[in-house]
Amino acid sequence: MRYSEFSNGTKIIDKDRGGIGSLNKILRGLGASRIMIIGDKFLLSEGYLDRIKERVLDGDKLTVGAVYICEDIQDSAGALRDMYFVYMSNNCDGIVVCGSGKLIDYVKIMRLSVSAQVKDVKKFFNNSDIGRKVVDVPLVTVPCRFGLGNECNAMAVFYDSDKKLSRNIFHELLSPDYCIIDGEILAGNMSDNEVVYGILNTLGRAIDGLIAIKRARVGINIKKVDIHNVGEVFSRVVMTDLRDKSLDLFESRDEKKFARYALDSAYLAKGLDCNGMGMIYSTALAISDVKKIGYSQSLPIAIRTSLDYNLRYCGEKYSQALWAFVGWEEYSQYPSGARSKAFVDCVKSFADNLLNKYGDGENQIKLNDDDRQEIVNKMAYNPHMLNNPRYFDPLAIKAVMR
């Protein structure tokens with residue numbers, strides 16, 4: 001078992017098997033006594049929520065006040081309203097959520113709502129309207145999938161059904177107190193395609209750490225990334241054994257490897273947290289909206305676009321930025337001007353090959369000129385981009401999108 005902390009405060013605990021065994025000790029340490037457990041129908045039917053309930057109970061010190069099953073994961077407002085009511089009406093004083101990234105995001109927003117005593121979720125869209133913590137609400141997350149890092153960062157995405165738009169919410173109260181990564185839960189809840197997309201999501205987050213915005217800003221970004229130790233994780237996940245490690249994880253279905261890779265994903269989510277959402281996430285989201293496909297299906301194009309963008313518009317600076325990371329020796333045989341291109345080609349080839357080998361054919365997405373223009377329009381007015389301190393140029397992104 002390892003323990004790690006980054007700037008946003010979430011403490012990560014991982015264990016190959018039985019990581020949830022420490023739940024009651026953690027909750028007691030957080031001062032909780034009456035817990036609300038949140039999950040979905042699948043986790044309930046497979047017995048995972050019963051196991052979590054058993055690990056929470058601790059005589060008179062810890063009881064379960066409510067178990068909430070989120071039935072409609074697409075109804076953001078409805079889910080938040082119901083969870084808020086169940087939590088308050090059962091006098092709960094702590095939360096354990098086990099589920100996917102979207103469910104965890106909802107729980108984080110609900111926790112923020114209770115903590116700040118603000119029931120209207122739309123007030124959270126403007127940071128200036130979010131109050132300070134009034135009530136202490138301990139939150140422990142247990143992810144059942146890996147790749148996005150929702151379980152341990154200080155950001156959540158809410159779908160605004162009135163405006164048909166996904167909205168970012170940033171606040172320190174969104175950062176859970178603990179994230180427990182349990183290899184058994186991960187291995188039992190991920191299909192083959194979900195493993196592929198989990199790998200691509202982790203890959204995308206790592207590459208986002210090297211996204212340069214303008215030549216003059218490359219050094220600033222890399223300095224920020226280094227502060228949060230993302231470089232070490234980046235090289236371990238992406239550069240030194242990119243193909244072998246990921247394909248081995250996919251084919252082996254080994255719980256220890258699941259826990260290890262999920263922890264890498266969580267590290268990346270926390271390490272990049274201060275920079276907001278990256279270019280890959282924003283690009284993939286815009287493609288998803290325009291082409292009416294899943295976010296994960298859009299990832300390969302977004303990864304290729306971000307790498308082409310950096311290579312074309314940052315040139316030598318991007319190559320220099322890559323020197324900041326260990327593992328670069330793998331590309332030392334290339335002449336100076338060809339190093340970043342060799343790295344970029346490696347990543348793009350891996351993303352394409354992985355989807356071609358394990359994809360279902362629907363991942364082959366074609367973009368025409370109208371699509372690219374609509375994607376640029378969505379990125380130009382998308383809060384994921386507007387809230388991002390890296391100032392990407394949508395027109396430059398369009399020029400390299402294919």
Looking only at heavy atoms, which two atoms of A66 and C92 are closest? And how far apart? N-SG, 4.2 Å
Shortest non-hydrogen contact from G99 to I104? O-CD1, 3.7 Å
Interatomic distance, L27 atom CG to L62 atom CG [nearest 0.5 angstrom]: 5.5 Å
Would the distance check show the side chain of S175 and the main-chain N or O of N153 forming a donor-acceptor pair, the cut-off being under 3.5 Å? no
L173 CG to F124 CZ distance, which is reported to the nearest 0.5 Å: 9.0 Å
Pairs involving residues 81-101, ordered by first then second residue, that meet side-chain hydrogen bond (donor to acceptor under 3.5 Å, both in side chains) (sequence neighbours left out): S33-D93
Quick one: does D308's side chain get under 4.5 Å of R402's, heavy atoms only? yes
Measuring only between side-chain heavy atoms, which start at C-beta, is Y48 closer than 4.5 Å to I20? no
Within-4.5 Å side-chain heavy-atom neighbours: T283 and M379: yes
What pair of heavy atoms forms the shortest contact from L43 to G39, and how long is it? CD1-CA, 4.3 Å
Are D105 and K102 within salt-bridge range, i.e. N to O under 4.0 Å? no
Does the side chain to side chain contact (heavy atoms under 4.5 Å, CB included) test come out yes or no for I95 and M110, once each step is laid out? CA-CA 10 Å; I95 305 169; M110 189 269 282; 3.6 Å; yes
Test item: K133 and E172 side chains (from C-beta on) under 4.5 Å apart, heavy atoms: no
All heavy atoms of C70 vs all of L103, minimum pair found to be CB-CD1, 3.7 Å
Please report the C-alpha distance between M88 and K119 in whole Å, then the side-chain angles of each, then the deciding distance to 0.1 Å, and finally whether the side chain to side chain contact (heavy atoms under 4.5 Å, CB included) criterion is met. CA-CA 12 Å; M88 299 298 288; K119 291 185 67 174; over 6 Å; no
Supply the atom-to-atom distance I280 CD1 to L299 CG, rounded to the nearest 0.5 angstrom. 8.0 Å
Tell me whether the rings of F146 and F258 are parallel (<30°), tilted (30 to 60°) or perpendicular (>60°). perpendicular
Heavy-atom side-chain contact between I13 and I26 under 4.5 Å: yes
Lys/Arg N to Asp/Glu carboxylate O, K366 vs D371, below 4.0 Å: no
For the pair K25 and D58, find out whether any cationic side-chain nitrogen is under 4.0 Å from an anionic carboxylate oxygen. no
Just verifying a value: how many Å separate K378 NZ and S282 OG, rounded to the nearest 0.5 Å? 13.0 Å
Can you tell me which residue among T141, T10, L30 is in a side-chain contact (heavy atoms from CB on, under 4.5 Å) with Y178? L30
Are the side chains of Y106 and V97 in touch, meaning some heavy atoms are under 4.5 Å apart? no
Say you draw a straight line from CG of L186 to CZ of R253; how long is it, rounded to the nearest 0.5 Å? 10.5 Å
Below 4.5 Å, heavy atoms only, C-beta onward: do C98 and I185 meet side chain to side chain? yes
Distance-only polar pair, side chains of K61 and N24, donor-acceptor under 3.5 Å: no
Step-by-step side chain to side chain contact (heavy atoms under 4.5 Å, CB included) determination, V135 to Q117: CA-CA 8 Å; V135 179; Q117 295 291 282; 3.7 Å; yes
What's the spacing between E251 CD and D248 CG if we round to 0.5 Å? 7.5 Å
Taking all heavy atoms of Y68 and all of A79, pick out the closest pair and write down the distance. OH-O, 4.0 Å
Atom NZ of K53 with >12 non-hydrogen neighbours under 6.0 angstrom: no
Report yes if the side chains of V376 and I397 come closer than 4.5 Å at any heavy-atom pair, otherwise no. no
Is any NZ, NE, NH1 or NH2 atom of the basic residue among D177 and R111 found under 4.0 Å from an Asp or Glu carboxylate oxygen of the other? yes
Of all heavy-atom pairs linking G94 and A32, the shortest is CA-CB, 4.4 Å
Given 3.5 Å as the limit, does a donor-acceptor pair link the side chain of E184 with the main chain of G18, or not? yes
Under 3.5 Å donor-acceptor, R145 side chain and G101 backbone: no
Quick check: are there more than 12 heavy atoms from other residues, nucleotides or ligands sitting under 6.0 Å from CZ of F42? yes
Residue pair I35, V140: steps toward the side chain to side chain contact (heavy atoms under 4.5 Å, CB included) verdict: CA-CA 10 Å; I35 309 303; V140 179; over 6 Å; no
Counting only N and O atoms by type, is there a donor-acceptor contact under 3.5 Å from the side chain of K108 to the main-chain atoms of A154? no
